[in-house]
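Only one structure is covered here, and it is reproduced in the block below.
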Amino acid sequence: MRWSLVKNLLLGLLLVMNLYMLGVSFAKRLSSEKIPPLVAASAVEALENSGISCDPGLFPDRYLTVRTFNVSFPTPMELSRMFFGEQLAFQTEERTLIARQDGAELRVEDEGFSYSSGEAASSANEKQLRRALKELGLDMSRARYARDGSFACYFDGRPVFGMYIRASLDADGQLARVEARWPLKGYTGDRRSGVSIIDFIPDILSRFPEGGTVTGLEAGYLAVRNENTDIYSFVPAWRITMEDGKTEVFS
């Protein structure tokens, strides 16, 4: 009986010690991710010295740890099969590829594309638009409805800057128009830590030489192309919005 009591006490002590060590480890991690106040204050001062006013409260007080995400964009041939059900021949107009069939037109340029069926657009709600775009073959799992038939792309709860879909349906519920810069399904890449807008202070100063007042600072992602593989990665990025409405993305 006594040995059983001692055994239980030892197990309880080990459990308490493990919980304590986990708590210490978590506290150290939180401490290491916190941006020193002096560093944040120096960043705000550097902006102000160049004529850029920014409320210190807009600056995150911690470094971010985020995942990257690798994706590819649909090719013109894939888009042709999605919209027309077959691979059509494309005409070239400068950097734009154009395919037409029975009054419908598909235009592809770089990672973006637009489609028009030639039919008049009718009113449609989010659910109807999602269903039509999903049936087309677009991945809508990371799409957030914005307004007026527009969707924005989100990854891990943060926006992917420059990724969007604008669509409308005709009276029969078929896609009348689509304009998009939207990736196909991808896969998770590496994990990056120590992400902060402070690293981009020199770039901010160069892109806003006229100065101004910062009204928005948002963490998100930007699609960046690997020139060797043609694979795009969603990498950590920051979007700054100025009082005059001008925006810039830094990554």
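Residue indices begin at 1 and follow the sequence shown.
Ring geometry for F250 versus F208: interplanar angle of 30 to 60°, hence tilted. Using a 30° and 60° split on the angle between ring planes, F69 and F155 fall in the tilted class, from 30° to 60°.
For the atom pair CZ (F84) and CZ (R100), the distance works out to 9.5 Å, reported to the nearest 0.5 Å. Rounded to the nearest 0.5 angstrom, D156 CG and T188 OG1 are separated by 7.5 Å. Here the CZ-CZ distance, from R166 to F151, works out to 12.5 Å after rounding to the nearest 0.5 Å. One finds the CG atom of L136 at 10.5 Å from the CD atom of Q174 (value rounded to the nearest 0.5 Å). Atom-to-atom distance recorded for Q128:CD and L175:CG is 11.5 Å, nearest 0.5 angstrom. In this structure, OG in S117 is found 10.0 Å from CG in D172, a value given to the nearest 0.5 Å.
The shortest distance between side-chain heavy atoms of P183 and M163 falls below 4.5 Å. Side chains of V178 and F113 form a contact here, defined as non-hydrogen atoms less than 4.5 Å apart. Contact annotation: the side chain of L106 never approaches that of I98 to less than 4.5 Å [non-hydrogen atoms, C-beta and beyond]. Between Y63 and V195 there is no side-chain heavy-atom pair separated by less than 4.5 Å. Within the 4.5 Å cutoff, no side-chain heavy atoms of F234 are placed close to those of N70. Annotation: side chain of T241 is not in contact with side chain of V214 (no heavy-atom distance under 4.5 Å). Looking only at side-chain heavy atoms (C-beta outward), Q101 and E86 come within less than 4.5 Å of each other. Within the 4.5 Å cutoff, the side chain of T65 has no heavy atoms near those of the R192 side chain.
Under the 4.5 Å side-chain heavy-atom criterion for Ile, Leu, Val, Met, Phe, Trp and Tyr, I240 and L205 are members of the same hydrophobic cluster. Hydrophobic clustering (side-chain heavy atoms under 4.5 Å, transitive across Ile, Leu, Val, Met, Phe, Trp, Tyr) groups F200 together with I35. Cluster annotation: I201 and L64 are assigned to the same hydrophobic cluster (Ile/Leu/Val/Met/Phe/Trp/Tyr, side-chain heavy-atom contacts under 4.5 Å, transitive). Each of M82 and Y164 belongs to its own hydrophobic cluster when Ile, Leu, Val, Met, Phe, Trp and Tyr are linked at side-chain heavy-atom distances under 4.5 angstrom.
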Side chain to side chain contact (heavy atoms under 4.5 Å, CB included) between L184 and S72, worked out
CA-CA 6 Å; L184 297 175; S72 59; 4.2 Å; yes
Report the C-alpha distance between L79 and V108 in whole Å, list the side-chain angles of each, state the deciding distance to 0.1 Å, and finish with yes or no for side chain to side chain contact (heavy atoms under 4.5 Å, CB included).
CA-CA 9 Å; L79 289 169; V108 185; 3.7 Å; yes
Would T96 and E109 count as a side-chain hydrogen bond (donor to acceptor under 3.5 Å, both in side chains) here? Give the steps.
CA-CA 5 Å; T96 304; E109 184 174 332; 2.8 Å; yes
Just do the salt bridge (Lys or Arg N to Asp or Glu O under 4.0 Å) check on K246 and E210 with the steps written out, would you?
CA-CA 12 Å; K246 182 179 180 181; E210 70 283 0; 3.7 Å; yes
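Distance alone, capped at 3.5 Å, places no donor-acceptor pair between the D55 side chain and the L58 backbone. Side-chain atoms of R130 come within 3.5 Å of backbone N or O of A143 as a donor-acceptor pair. In terms of modelled atom types and a separation under 3.5 Å, the side chain of Y145 and the main chain of L129 share no donor-acceptor contact. Panel note: side chain E135, backbone A132; no donor-acceptor pair is recorded below 3.5 Å. In this structure, D110 contributes its side chain and G112 its backbone to no donor-acceptor pair below 3.5 Å. Side-chain N or O atoms of S251 include none that pairs as donor or acceptor with a backbone N or O of P236 at under 3.5 Å.
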Would you tabulate the side-chain donor-acceptor contacts of residues 37-53 under 3.5 Å, counting partners in other chains and residues two or more places apart, or write 'none'?
| unit_1 | atom_1 | unit_2 | atom_2 | d |
| --- | --- | --- | --- | --- |
| S42 | OG | L38 | O | 2.8 |
| N49 | ND2 | E45 | O | 3.3 |

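Here the rule is side chain to side chain contact (heavy atoms under 4.5 Å, CB included) with E78, and of P76, S80, P74 only P74 fits it. The only option from L222, V249, I198, L217 that meets the side chain to side chain contact (heavy atoms under 4.5 Å, CB included) definition with W238 turns out to be L217.
Within 6.0 Å of atom NZ in K134, 12 or fewer heavy atoms from other residues, nucleotides or ligands are found, so the atom counts as exposed in its surroundings.
Of the charged side-chain nitrogens involved, none lies within less than 4.0 Å of a carboxylate oxygen, so that E218 and R158 do not count as a salt-bridged pair. Salt-bridge annotation for E33 and R62: absent, with no side-chain N of the basic residue lying under 4.0 Å from a carboxylate O of the acidic one.
Of all the heavy atoms in C54 and F59, the pair that sits closest is SG-CE1, 3.5 Å. Of all heavy-atom pairs spanning F73 and W182, the tightest one is CD2-O, 3.5 Å. In terms of heavy atoms, R177 sits closest to A120 at NH1-C, 4.4 Å. When all heavy atoms of A219 and P159 are compared, the pair lying nearest together is O-CD, 3.6 Å.
Judged purely by distance below 3.5 Å, without hydrogens or angles, the side chains of S141 and D139 pair a donor atom with an acceptor atom. Donor-acceptor pairing under 3.5 Å is lacking for the side chains of E179 and Y115. Side-chain atoms of T215 and E243 include no donor-acceptor pair closer than 3.5 Å.
The side-chain tip of R239 does not point at the ring of F161 from less than 6.0 angstrom away and within 45° of straight on.
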